[in-house]
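In what follows, a structure is listed as structure tokens, so that the remarks can point back to it.
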Amino acid sequence: MSMATASGCPACAAAPAAQAVAEAARQADDAHILLSVPAIHCAICISTLENGLSAAPDIHSARVNLTLKRVSVEAAPGVTPADLIARVKKLGYEAHELDAGMLSATETDAKGRDLLMRLAVAGFAMMNVMLLSIAVWSGAEAATRDLFHWISAAIALPTIAFSAQPFFRSALSGFRAGRFNMDAPISLAILLAAGTSLYETMQSGEHAYFDAAVALTFFLLIGRYLDHRTRATARSAAQELAALEVPRALKVTEDGDRIAPIAELREGDLVRILPGTRVPADGVIETGESEVDRSLLTGESLPAFAGPGTALATGEVNLTGPLTLRITAAGRNSSLHRLADLVAVAEAGRGRYTSIADRVVKYYAPGVHILAALSWAGWMLYAGDMRQAIGIAVAVLIITCPCALGLSVPAVMTAASGRLFKQGMLIKSGTALERLAEVNTVVFDKTGTLTIGEPQVTNLAGHTRRDLQIAAALAAASSHPLARSLTTALGEAGIKPANVQALREVAGYGVEGRLGDQPVRLGRAAWLGTTPGPASAAWLAIGDEAPREFTFADRLRPGAEDLIAALRDKGLHLMLVSGDADGPVADLAERLGIAEWRAGALPQDKAALVAGLAGEGRKVLMVGDGLNDTAALAGAHVSISPASALDAARTASDIVLLGNSLAPVADALGVAGRAIARIRENIGISNLYNLVAVPLAVVGLCTPLIAALAMSSSSVTVSLNALRLRR
Amino acid sequence: MDVLSYLIPASLFLGGIGLLAFVWAMKTRQFDDPEGDSHRILADDWDDKPKP
């Protein structure tokens with residue numbers, strides 16, 4: 001064998017190539033999975049996750065991106081995202097799946113790279129032109145000055161042609177749409193500065209503004225890039241959190257069950273709904289008994305019984321038994337679509353919010369142009385020298401160019417959203433922080449928002465050990481939420497399941513089995529022949545003994561109590577609105593100290609309530625997670641939803657909470673307030689510089705040196721002021 | 001002033017190297033995770049041998 005290897009037979013030479021092909025094929029089949037892990041923050045987190053995940057043989061590589069708080073995993077074809085989420089959880093981190101379809105669009109981030117490239121070129125050009133300009137300012141004369149100006153022109157003109165394109169394009173599209181955006185004065189200042197400087201250079205003139213034109217481009221590109229990055233980070237993560245809705249349904253046809261896209265479903269069709277899946281269309285149950293979780297649609301915390309004749313709505317979750325459903329409304333007529341229409345109406349009602357920057361620019365841009373035109377006209381009348389008049393008008397434009405303005409808002413927004421992102425909040429909308437700072441009323445949803453939406457057993461201590469062991473055995477056989485919660489709680493309490501035989505789940509009712517020769521049952525009160533109490537409960541019956549009650553209460557989301565207390569201290573008006581019954585809502589309101597609450601609210605009631613509050617002139621922050629909250633979220637002044645919320649709710653809201661806790665919300669309000677204060681300060685600072693430099697420019701005393709100083713110092717002050725937010 | 005005839009090209013050349021280095025760094029995606037990279041230098045996972 002070794003002989004053959006040494007001689008280099010063709011087969012051996014081909015072997016590595018074959019291996020490479022196999023490797024490539026394996027990589028093509030690999031599952032590429034992207035998870036959002038909001039809690040990672042340090043070097044230890046990185047190595048724990050990467051090494052912990054890669055240790056499994058079916059995972060080829062795992063790479064953490066700390067900036068975006070994601071893990072991208074290359075795994076063997078069989079590995080599913082749910083599987084990975086469980087493994088990440090075992091390592092101690094909470095993870096959400098990101099949609100791999102969006103992966104290519106965001107991970108490469110072509111626009112960000114493009115901006116960064118233009119920024120780098122502008123930076124390079126600025127340094128070199130500035131070097132030459134300093135020589136000119138310090139007294140280079142005649143031929144030397146002309147040479148320096150020509151070299152500056154040779155560097156600056158191509159740079160402007162390349163780097164300032166984003167501004168030109170945006171200004172042009174603004175003009176086409178008949179709007180006057182901030183990029184119009186910017187483009188004009190850059191172009192005029194470059195144009196007149198070129199003319200001056202040809203005429204062996206004294207003043208050239210090449211450095212100003214390039215510096216303007218450089219500073220404004222920084223602002224543009226920051227703006228882009230803030231938005232890109234938020235957008236990608238919020239949209240990629242994969243949708244919970246299943247786009248397919250199991251259609252019952254004459255020749256067996258068939259997987260069909262939801263769009264194909266028609267009224268009168270039969271669909272089979274397996275336990276654990278979502279109802280694809282509105283309909284009435286034909287056969288089967290089960291329990292359905294309606295919490296996302298109505299906010300009810302308890303699963304409801306469903307049997308033949310029960311009407312189900314799109315989006316509800318079937319819990320225990322298989323059902324066949326006769327569709328009564330699909331597609332556009334389904335309740336989900338009516339909800340979507342409600343959202344559209346609410347969104348239209350909110351209207352477009354004009355940000356502070358937009359409001360300032362609306363007056364600033366025309367004002368600047370009028371000022372420049374007036375100084376030109378004034379100098380034409382006074383001196384009658386076209387070249388001098390244009391020179392002064394250009395100086396005015398350069399000085400007043402909204403450089404600091406273009407940098408001040410993105411710099412503050414980057415600092416603020418970076419800080420909130422560290423605490424697990426994604427700011428999706430550019431104006432969300434401004435709107436958040438104006439909030440004076442907060443409306444909360446109950447199930448899934450203030451509470452986790454998972455029941456927890458409350459009276460374990462009241463049972464004998466034997467009862468608990470039997471309950472553990474029975475509960476383990478069901479995937480009903482109450483049973484699952486009971487299993488977890490008993491497991492944590494160290495209870496070993498009793499040896500119950502012949503376990504059988506009776507869909508919609510409970511679980512039964514045999515312990516020795518005694519029948520044992522765990523399930524609904526009515527099934528065990530007893531009367532239900534006020535709390536949500538599962539009952540345990542052993543033989544002929546009287547049934548014992550396990551009561552459950554929904555657990556508060558971590559940080560909920562602190563958040564409510566903090567908001568009350570801030571003097572905000574708090575409200576609790578839920579689709580759940582009176583009892584649980586009143587309980588929670590009392591427990592948290594929320595004075596105003598409303599129970600049994602339908603989606604349109606919630607939207608109407610929010611609209612009504614807005615009508616009274618209140619600025620409403622809506623915090624909710626369900627489909628039933630979506631219209632209210634869209635209609636509120638600003639809205640927040642947890643990452644566990646439905647896709648539709650996350651899309652409708654401005655801010656997404658990545659972690660499990662509600663606590664960051666209080667902090668977000670504080671940060672938003674401070675961010676707005678910084679933005680106002682920054683606008684003030686840049687105006688202050690204008691106040692000093694503009695008169696100089698108008699009377700013709702402004703030299704390129706003064707322009708460069710005013711511009712750089714205002715940009716730097718504004719950025720430093722924004723950075724104070726990070727602390 | 002003759003010194004300018006080679007000092008200016010020299011400064012442009014050096015600046016150009018910097019620009020090219022930046023372009024290379026960006027094309028090879030070294031700016032994708034700045035925060036992670038600043039933490040990775042603290043991890044001692046591959047200190048004794050380079051990552052295969």
Side-chain angles (χ1 to χ4, degrees), chain A residues 40-51 54 61 63-72 106-109 112-132 135 140-145 147-148 150-152 154-155 159 225 229 233 418 421-422, chain B:
Chain A
I40 42 177
H41 63 276
C42 64
I44 314 233
C45 308
I46 296 180
S47 34
T48 313
L49 270 175
E50 286 185 352
N51 298 338
S54 322
S61 77
R63 174 93 187 171
V64 170
N65 184 323
L66 192 62
T67 316
L68 299 173
K69 303 211 187 279
R70 290 181 186 166
V71 187
S72 72
T106 51
E107 211 171 28
T108 51
D109 187 21
R113 283 155 180 281
D114 180 66
L115 277 175
L116 206 56
M117 182 68 85
R118 292 180 203 276
L119 180 65
V121 171
F124 162 78
M126 187 186 77
M127 284 189 283
N128 284 289
V129 173
M130 205 55 96
L131 210 63
L132 297 164
E141 288 199 326
T144 320
R145 187 180 64 205
L147 173 70
F148 283 2
W150 276 115
I151 298 175
S152 304
I155 301 170
T159 303
Y225 179 66
R229 225 188 46 179
T233 319
F421 186 63
K422 278 214 176 87
Chain B
M1 282 301 178
D2 290 346
V3 72
L4 289 176
S5 60
Y6 55 87
L7 271 188
I8 290 176
S11 88
L12 284 177
F13 174 70
L14 289 175
I17 291 182
L19 183 63
L20 285 181
F22 179 81
V23 170
W24 166 76
M26 196 169 66
K27 291 244 148 123
T28 49
R29 309 208 155 187
Q30 298 184 37
F31 296 102
D32 278 8
D33 183 15
E35 210 162 311
D37 293 336
S38 69
H39 280 92
R40 271 173 206 280
I41 52 169
L42 299 174
D44 45 12
D45 285 349
W46 301 101
D47 276 4
D48 40 352
K49 57 178 191 303
K51 197 167 181 173

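Since we're looking at a predicted model, the values are computed, not measured. Quick note on labels: first sequence line is chain A, next is B, and so on, each numbered from 1.
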Tell me, with the steps shown, if A/V121 and B/V23 meet side-chain contact (heavy atoms from CB on, under 4.5 Å). CA-CA 9 Å; A/V121 171; B/V23 170; over 6 Å; no

For residues B/S11 and A/L131, report the shortest heavy-atom separation together with the two atoms involved.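 The answer is OG-CD2, 4.2 Å.
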
Could you tell me which non-hydrogen atom of B/H39 sits nearest to which non-hydrogen atom of A/C42, and how far apart they are?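 Heavy atoms of B/H39 and A/C42 come nearest at CD2-CA, 3.9 Å.
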
If you count the non-hydrogen atoms of other residues, nucleotides and ligands that lie under 6.0 Å from CG in B/L20, is the total more than 12?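 Yes, the 6.0 Å shell around CG holds more than 12 heavy atoms from other groups.
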
With only heavy atoms counted, which part of A/L116 is less than 4.5 Å from chain B, the side chain, the backbone, both or neither?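 Its backbone and side chain both get close to chain B.
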
Kindly compute the distance separating CE (A/M127) from CG (B/L19), expressed to the nearest 0.5 Å.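 Nearest 0.5 Å value for the CE-CG distance: 8.5 Å.
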
Find the distance between CD1 (B/I8) and CG (A/L147) and round it off to the nearest 0.5 Å. 5.5 Å

Heavy-atom distances under 4.5 Å only: say whether B/I41 touches chain A with side chain, backbone, both or neither. neither

With distance as the sole test, does A/R113 use its side chain to make a donor-acceptor pair with the main-chain N or O of B/M26 at under 3.5 Å? yes

With chain A, which of B/G16, B/G18, B/S38 has the greatest number of heavy-atom pairs at distances under 4.5 Å?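 Option with the greatest count: B/G16.
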
Do B/L12 and A/I155 touch side chain to side chain, with heavy atoms closer than 4.5 Å?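 Yes - at least one pair of side-chain heavy atoms lies under 4.5 Å apart.
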
pair A/N65-B/E35: side-chain heavy atoms closer than 4.5 Å: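 No, side chains not in contact.
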
